[in-house]
Amino acid sequence: MEISPQLKVMPEKPYDHSHIELKWHERWQNASFYQADEHSDKPKYYVLEMLPYPSGTLHIGHIRNYSIGDALARYKWMRGFNVLHPMGWDAFGLPAENAAIANKRPPRDWTLQNIAAMKKTHRRFAFSYDWNREVSTCEPEYYRWNQWFFLKMLERGLAYRKRALLNWCSKCATVLANEQVVEGCCWRHEDTPVEQRALEQWFLKITDYADQLLDEIKGLEGGWPERVLTMQRNWIGRSEGAEIDFRLEGAETRIRVFTTRVDTIYGATCVILAPEHPLNETLLDDAGKARAKAMVDSRANRDPGDIEKEGFFSGHYAVNPYSGERVPIWVGNFVLMGYGTGAIMAVPAHDERDHEFCQKYGIHIRPVIRPVDGTLATDTSKPAFTDDGVLENSGPWSDLGSEEARAKMSAYAQEKGFGKAAITYRIKDWGISRQRYWGTPIPVIHCPSCGVVPVPEDQLPVVLPERIEITGSGRSPLENVPEFVNVKCPHCGEPAKRETDTMDTFMDSSWYFYRYCDPHNDRMPFDPAKVAYWFEIDQYIGGVEHAILHLIYSRFFTKVMRDIGLVKNSEPARRLFTQGMVIAEGAKMSKSKGNVVGADMLAEKFGADTARMFVLFAAPPEKEVDWRSEGAEGIYRFLGRVYRFATRNVGQTGDGSVTGSADRKVLRKLHQTVQKITEDFETRWHFNTCIAGIMELMNVLYAEEANLSASVKPEILEKLALLLAPFAPYVSQEIWEELGKEGPVFRQCWPSFDPELAKEEEAEIPVQVNGKLRSKIYAAFGTPKEELERRALADEKVRPFLAGKQLKKVIVIPDKLVNLVAG
RNA sequence: GGCGGGAUGGCGAAAUCGGCAGACGCAUUGGACUUAAAAUCCAAUGGACCGCAAGGUCCGUGUGGGUUCAAUUCCCACUCCCGCUACCA
């Protein structure tokens, strides 16, 4: 019996994710579809996800990050871009060292094993990385360039050594950068208060770039999330004001204060020093010194809002250089040594904190600023007036406006030599020395006669010795490695000692994305021409937790590299996307809670396609997502629906001729879906609604399946596979093969849509009476207003609502809506 | 305290330019298939009320006000939640 091709029915296949994913995993093992090429004539696109720390396992949070990036990378490939999509490992760092102490295993072994395990998971998820460009920061081929950058900065005076009070975490047994201190505690040990220790350390002069880092934020607006930019602005914390010297009464000593309100200085009724202020050594008696020390200690690890302002009179007086007035010098716990000059002038009438302090201790409160449209305050028990205004009781400056007074008064201070206009920043130089083993050795040598001598460039890398004892004792373990420490001075040839501290690992991640452009270069960190081709990064994707640390350091590095002449760009990434966190069943994922959702488990249970698609479907990518396995089952069911539909409808041949209303309906939905997803990729990345769109398309296909002509099926299935390719590479590839097509599906052209076919045949026009929906009319697009109005008024569902009322107004928005206003 | 983001069904969410609130999915319920279950397919599903039913009415996007023919969307005030930051002079 002959079967007409129209009726040919293929047996559907069940969706077996493990079979499909294993099959393609094996076939793709040695494939090289994802190689980027600097010589391509296609437009370039550099998409980058933040590189992970090799902790050993990928979890659902990583999967989210990479699924967003991978969807974009695949889409851009399909749109004909030459895509660079690399991956690497932020492989130095403390966990490896701690694991080494716990398990008696060298950090390198532990790290490499973790990398291997995570890379396996990466491949299982089929993320489209160019693994030929893999970078691992713990390899000498990489970190020698950290050392090289350090030497370049040393040459330019951007790296320097000084003794300073530094943040010390006793659990990490190392110094921390200011950026690594979170609410007075270590960023990795949130229960461990940071101590202050005086140590000789290496610093990078990020403050030299503070203004640039601030100013160039403007150029990132629109491309970076506003809140990241705000956080960076606040972190840099630029503040314009003046530095003014108060003379210590009866001495030549000057006490320098920083103020943003020099216009209020005639209201300064005392000077307050930070408890750590160096002058306290000479000013205070032993009892005073003890009180100051107690203040410092009691301040540690406390919420500043909870600490009551305290202070005591030092017994000394200072002289206001403008008024000549003699004011008492106090020591106050709310004055910070780390900001400004560590000393303030207190103007209680015009500053809330000063007011609180002076009120408490009965220090005179003297108003000197009146509101522009008011009079000078007389009731000094009232809260401080902190706005700008007009000066009074301020000698020759009286009656000036605050702003004008500030300019003139700081100029006067400069002229008279007791001060100047000054800008302070909250951001501090970046302390990079770490007293730990598993990091990049700092390439300098300490010579008894020549001092600090840089290791000559041709002797790089300074290789980190392997197989040594890790102590975690608070001193670098390298100190106990004589063959590392004992060297000859490169200058004089006499015995000298090598620096044993290692670099903060944020150095490693500050420039890794440049290395991807030229990962095997052994003469330079990278070929500037290659970087010029790929940079700036077109899209950087990562967690918002790096908004200040990594992202400000990398901006700094880029500017230094630009000044060295290595790169032309001044910012690393044109666009930044920060994805939301993944939480598990309502709680933040953490090892201690034991609710970490591991990527391998997901791949096992649901398949990589389902796991990827679910994290994209559950919410828009910038929002937090709650992982729930019932939700993932929904995606699994959906992929099964797609796969079964495809397998039972393949093998149809047809000329694409459209014969029935079902054909038209399905094609319309298909083209609408292509249009929607295309627009979304180009603008706002709401992959959740993209996937919902494909689901809607599937629902229409199921509803109309029996009425579809064979001739339209090939186009439908082909576009369906292509639409799924950025989200679910395995299933889409399997369908592609079922269709008898060759090659990787994600190297095909992105499907096109026909706006004409996507258009609805008729407009569905709601008819409202007084703003409430009462009926709907259907009319061809472009039906004139009068016609729509006439039909709306004649509508029998509408008429009862108009009965007995006067029609006052008719609003007609063609193709959209009719609203009849009656009363 | 400061800055930023948010609040929509039982749940995750959608509504892109002021124009049908709740797309899509989860969960739930009912039906089909099955000896049965699972799987699958179909359908219903914001709330209150009216109706035997078809169907209909009213309410509804954190709270209170405003602008508008029309507000989840714009404006004002407030409440709560989340994130970051914090005696920054």
Side-chain angles (χ1 to χ4, degrees), chain A residues 12 14-15 182-184 225-231 233-235 237-239 241 257-261 264 272 274 299 303-309 332-336 338-347 350-354 356-357 424-426 544-545 547-548 580-581 586 614 617-620 622-635 637-638 640-641 644 676 679-680 683-684 686 688-699 702-703 764-776 797 808-813 816-823:
Chain A
E12 70 175 27
Y15 174 52
V182 180
E183 290 181 12
E226 194 51 46
R227 63 176 179 146
V228 171
L229 299 180
T230 306
M231 281 161 76
R233 278 193 197 98
N234 292 342
W235 186 260
R238 182 187 151 103
S239 166
V257 304
F258 175 75
T259 177
T260 53
R261 293 296 304 273
T264 65
I272 310 178
R299 196 161 62 183
D303 182 341
D306 295 345
I307 300 175
E308 174 144 13
K309 289 187 180 41
N333 64 346
F334 71 103
V335 180
L336 304 176
Y339 185 76
T341 60
I344 63 163
M345 61 176 204
V347 184
H350 304 293
D351 181 282
E352 281 166 26
R353 290 155 309 173
D354 296 350
E356 188 187 332
F357 186 84
T424 57
Y425 298 90
R426 215 188 76 111
V544 73
E545 64 273 17
I548 27 196
M581 261 191 356
F614 174 70
F617 177 66
E622 67 275 11
K623 274 193 73 168
E624 187 173 87
V625 151
D626 191 3
W627 170 268
R628 288 179 190 273
S629 53
E630 313 89 73
E633 279 161 26
I635 295 288
R637 277 200 281 271
F638 163 69
R641 259 166 95 78
R644 289 191 305 274
K676 189 238 171 325
E679 286 169 2
D680 241 290
T683 55
R684 53 175 209 165
H686 278 196
N688 54 333
T689 58
C690 291
I691 293 167
I694 305 176
M695 287 173 170
E696 284 178 49
L697 171 62
M698 265 339 282
N699 291 346
Y702 267 66
E764 186 189 69
I765 298 170
V767 181
Q768 298 177 336
V769 177
N770 292 333
K772 283 186 182 145
L773 179 68
R774 295 304 179 190
S775 182
K776 284 177 181 181
K797 280 185 185 163
K808 288 180 177 164
K809 198 170 178 180
V810 178
I811 311 271
V812 183
I813 315 291
K816 276 265 168 108
L817 167 132
V818 177
N819 189 12
L820 306 169
V821 185

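By convention in this document, chain letters (A, B, ...) are assigned in the order of the sequence lines, proteins followed by strands, and residues within each chain are numbered from 1. The figures here come from the full heavy-atom set of this structure, side chains too, leaving out hydrogens, waters and symmetry mates.
Which of B:rA89, B:rC3, B:rA13 sits closest to the side chain of A:N234 comes down to B:rC3. Side-chain proximity of A:V821 to the nucleotides B:rC69, B:rA15, B:rC88 is greatest for B:rC69. Here the side chain of A:K816 is nearest to one of B:rC3, B:rU40, B:rG19, namely B:rG19. Here the side chain of A:F617 is nearest to one of B:rA89, B:rG25, B:rA86, namely B:rG25. Listed candidates were B:rG12, B:rC88, B:rC84. Nearest to the side chain of A:Y339 is B:rC88. Taking only side-chain atoms of A:I811, from C-beta outward, the nucleotide of B:rG19, B:rC41, B:rC87 with the closest atom is B:rG19. Distance from the side chain of A:N819 is smallest to B:rC69 among B:rU16, B:rC20, B:rC69.
A donor-acceptor contact under 3.5 Å is formed by the side chain of A:K776 with the base of B:rC20. Contact annotation: side chain of A:E630 to base of B:rC11, donor-acceptor pair absent below 3.5 Å.
Separating the CG atom in A:L229 from the CG atom in A:N234 is a distance of 11.0 Å, to the nearest 0.5 Å. Atom-to-atom distance recorded for A:L336:CG and A:T341:OG1 is 11.0 Å, nearest 0.5 angstrom. To the nearest 0.5 Å, atom CZ of residue A:R641 and atom OH of residue A:Y15 are 15.0 Å apart. The CZ atom of A:F617 sits 9.5 Å away from atom OG1 of A:T689, with the distance rounded to the nearest 0.5 Å. One finds the CD1 atom of A:I272 at 5.5 Å from the CG atom of A:D354 (value rounded to the nearest 0.5 Å). Atoms NZ and CD1, from A:K776 and A:I765 in turn, are 11.5 Å apart once rounded to the nearest 0.5 Å.
The nearest whole Å value for the distance from the CD1 atom in A:I548 to the C1' atom in B:rA86 is 12 Å. For the pair A:L773 CG and B:rG19 P, the interatomic distance rounds to 15 Å; values are reported in whole Å. A:K309 has its NZ atom 12 Å from the C1' atom of B:rA86, to the nearest Å. With rounding to whole Å, A:K676 atom NZ is found 10 Å from B:rA14 atom P. Rounded to an integer number of Å, the gap from OH of A:Y702 to P of B:rC42 is 8 Å. Atom CE of A:M581 is separated from atom C1' of B:rC84 by 13 Å (rounded to the nearest Å). Between A:L817 atom CG and B:rC69 atom C1' there is a gap of 10 Å when expressed in whole angstrom units. Atom CE of A:M698 is separated from atom C1' of B:rC24 by 14 Å (rounded to the nearest Å).
Base orientation of B:rG9: syn, since the glycosidic angle falls within 90° of 0. By the rule that a glycosidic angle within 90° of 0 means syn, B:rC84 does not qualify and counts as anti.
Pair assignment for B:rU67: none, as no Watson-Crick or G-U wobble contacts are both less than 3.5 Å. Base pairing of B:rA7 is made with B:rU79, judged by Watson-Crick or G-U wobble geometry with both donor-acceptor distances under 3.5 Å. If you check B:rG46 for Watson-Crick or wobble pairing at under 3.5 angstrom, you find it paired to B:rC59. Base pairing annotation: B:rU34 forms no Watson-Crick or G-U wobble pair, as no partner gives both donor-acceptor distances under 3.5 Å. Base pairing of B:rA15: no nucleotide in any strand meets the Watson-Crick or G-U wobble criterion (both distances under 3.5 Å). Base pairing of B:rA53 is not made with any nucleotide, judged by Watson-Crick or G-U wobble geometry with both donor-acceptor distances under 3.5 Å.
Taking the P atoms as reference points, B:rU73 lies 15 Å from B:rG9, given to the whole Å. Separating the P atom of B:rA37 from that of B:rG30 is a span of 12 Å, rounded to the nearest Å. Nucleotides B:rA15 and B:rA70 have their C1' atoms positioned 16 Å apart, rounded to a whole Å. Using atom P as the reference point in both B:rU35 and B:rG46, the two lie 35 Å apart (nearest Å). Remark: the separation of the P atoms in B:rG5 and B:rC75 is 12 Å, to the nearest Å. Separating the C1' atom of B:rU28 from that of B:rG19 is a span of 33 Å, rounded to the nearest Å.
For the pair A:R641 and B:rC41, the criterion of a side-chain N or O lying under 4.0 Å from OP1 or OP2 is met. For the pair A:R684 and B:rA15, the criterion of a side-chain N or O lying under 4.0 Å from OP1 or OP2 is met. Using a 4.0 Å cut-off, no side-chain N or O of A:K808 falls inside it from OP1 or OP2 of B:rA70. Proximity of A:R637 to the phosphate of B:rA27: a side-chain N or O atom is located under 4.0 Å from OP1 or OP2. Remark: A:R227 is not in phosphate contact with B:rU85, judged by side-chain N or O atoms under 4.0 Å from OP1 or OP2. Residue A:N688 has no polar side-chain atom (N or O) positioned under 4.0 Å from OP1 or OP2 of B:rC24. Residue A:K623 places at least one side-chain N or O closer than 4.0 Å to OP1 or OP2 of B:rA13. At the phosphate of B:rC69, OP1 or OP2 sits under 4.0 Å from a side-chain N or O atom of A:K809. The phosphate of B:rU57 (OP1 or OP2) has a side-chain N or O of A:R774 nearer than 4.0 angstrom. The phosphate of B:rU85 (OP1 or OP2) has no side-chain N or O of A:R426 nearer than 4.0 angstrom.
For the pair A:K309 and A:F334, the cation sits on the ring face: its NZ or CZ lies under 6.0 Å from the ring centre, inside 45° of the axis.
Within the nucleic acid shown, A:V335 comes within 4.0 Å of at least one base atom, counting heavy atoms only.
Remark on RNA chain B: of its neighbouring residues A:G771 and A:F334, the 5'-side contact belongs to A:G771, judged by nearest-heavy-atom nucleotide.
Ion pairing between A:E226 and A:R233 holds under the 4.0 Å rule for side-chain N and carboxylate O.
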